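To find a chain, count down the sequence lines: A is the first, B the second, and so on, and within it residues start at 1. As the structure is a prediction and not an experimental result, all values here were calculated from the model.
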2 protein chains.
Amino acid sequence: MRPLSHPPIEDLRPEAILHALSDPIRAAIFAKIMQVGCVEACSALSALGDRVIPKSSLSNHFKVLREAGLIRSERHGVEVRNHSRWAEVEARFPGLLSGIINAYASDAGSAPRAAEMARPA
Amino acid sequence: MRPLSHPPIEDLRPEAILHALSDPIRAAIFAKIMQVGCVEACSALSALGDRVIPKSSLSNHFKVLREAGLIRSERHGVEVRNHSRWAEVEARFPGLLSGIINAYASDAGSAPRAAEMARPA
DNA sequence: TCCCATAGTTCGGAATTTCGGAACTATCGG
DNA sequence: CCGATAGTTCCGAAATTCCGAACTATGGGA
């Protein structure tokens, strides 16, 4: 199985990042990773509230996040651990991620839906 | 013809904004509107460098930007003038737009492509 | 007034992308 | 070696996007 390649930070493209995070589910996954520090794909499944996400879709969401350069995935035995690349991305595109995450967080308060980012409970 | 409805600022959703700006062409159009202050659709066509964008696609791009709440469009005679809603959006989602625009601008320097945002010439 | 040119929208089919079930692979614990 | 768990791949269906062609609306003449 492939060693899960990640793009070097200088190859990151804003449109890929925006596209990755324009999906509320992916945004929620990413927010979760940042909250918790590290997450394996399967546990993210249950973490998204009421919504049940098929494994194959979930796998694809992680792939999109990884290829956008937002997360780093490492195999540990049978599972994959995903870490955010926040610091790198922040250095490359200052203010981008914080603006996006804050936007989702403030939106969650006014109109809660499937993507419940940064919700207290 | 419809009076070109715009969503009230409290209805804006982050995912719609990210989706709208995850297309480099739309991002370039939006950046152009902010640079120049106001733009009518047709002139944006030539403004995007080498790329020729069909009228119907352009019309759709403006629609996406409008429905995301990023621009305000008014008919003036035969043409439509598009203004950015930057101030409103910035008040609603602080730091979101500046982060995105800066990201594209810094990317343009390192890897120029179809979307030439904030390029001097 | 009628006609034309300009600016933009709508329609509809082709191309692309996304979704997700089923089958597959990889790894760990017995 | 076997079964269970974690995840990927494959591929057809559904949704989206793209864009040419036809259409609509407005202003400016003649």
Worksheet entry | Under the side chain to side chain donor-acceptor pair (under 3.5 Å) test, residues paired with B:E90 that sit two or more places apart | none
Listed by chain and number, what are the side chain to side chain contact (heavy atoms under 4.5 Å, CB included) partners of [X], not counting sequence neighbours?
| X | answer |
| --- | --- |
| B:E67 | B:K63 |
| B:A103 | A:P14, A:F93, A:L96 |
| A:S22 | A:H19, B:L18, B:H19 |

Protein-nucleotide distance ([X], atom [atom1]; [N], atom [atom2]), rounded to Å:
| X | N | atom1 | atom2 | result |
| --- | --- | --- | --- | --- |
| A:L4 | C:dT25 | CG | C1' | 14 Å |
| B:L58 | C:dT9 | CG | P | 9 Å |
| B:R75 | C:dA7 | CZ | C1' | 10 Å |

Item to complete: Examine the base of D:dG7 for any acceptor or donor lying under 3.5 Å from a partner atom in the side chain of A:S59, and report the outcome as yes or no.
Response: no
Listed pairs, N/O of protein and of nucleotides 16-18 of chain D, under 3.5 Å:
| residue | atom | partner | partner atom | Å |
| --- | --- | --- | --- | --- |
| D:dT17 | OP1 | B:H19 | NE2 | 2.9 |

Worksheet entry | Which residues share a salt bridge (Lys or Arg N to Asp or Glu O under 4.0 Å) with A:E88, sequence neighbours left out |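 Partners of A:E88 under the salt bridge (Lys or Arg N to Asp or Glu O under 4.0 Å) test: A:R72, A:R85.
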Worksheet item: Excluding sequence neighbours, so at least two apart, what forms salt bridge (Lys or Arg N to Asp or Glu O under 4.0 Å) with A:E79?
Response: A:R81
Discussion item. Between A:R92 (side chain only) and A:E10 (backbone N and O only), is there a donor and an acceptor less than 3.5 Å apart?
Written reply: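 Here the side-chain-to-backbone pair exists.
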Fill in: B:H6 side chain vs B:R66 backbone, donor-acceptor pair below 3.5 Å
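Pair absent, no side-chain N/O of B:H6 close to backbone of B:R66.
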Discussion item. Near DNA chain D, counting only heavy atoms under 4.0 Å, which residues of residues 62-72 of chain A show up?
Written reply: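 The answer is none.
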Worksheet item: Going through the distances and angles, do A:E40 and A:V80 end up as a side-chain contact (heavy atoms from CB on, under 4.5 Å)?
Response: CA-CA 5 Å; A:E40 87 259 22; A:V80 174; 5.8 Å; no
Discussion item. To the closest 0.5 Å, what do you measure between CD1 (B:I29) and CG (B:D23)?
Written reply: 8.0 Å
Show me the protein contacts with nucleotides 1-6 of chain D, counting only N or O atoms at under 3.5 Å.
| residue | atom | partner | partner atom | Å |
| --- | --- | --- | --- | --- |
| D:dA6 | O4' | A:V78 | O | 3.4 |

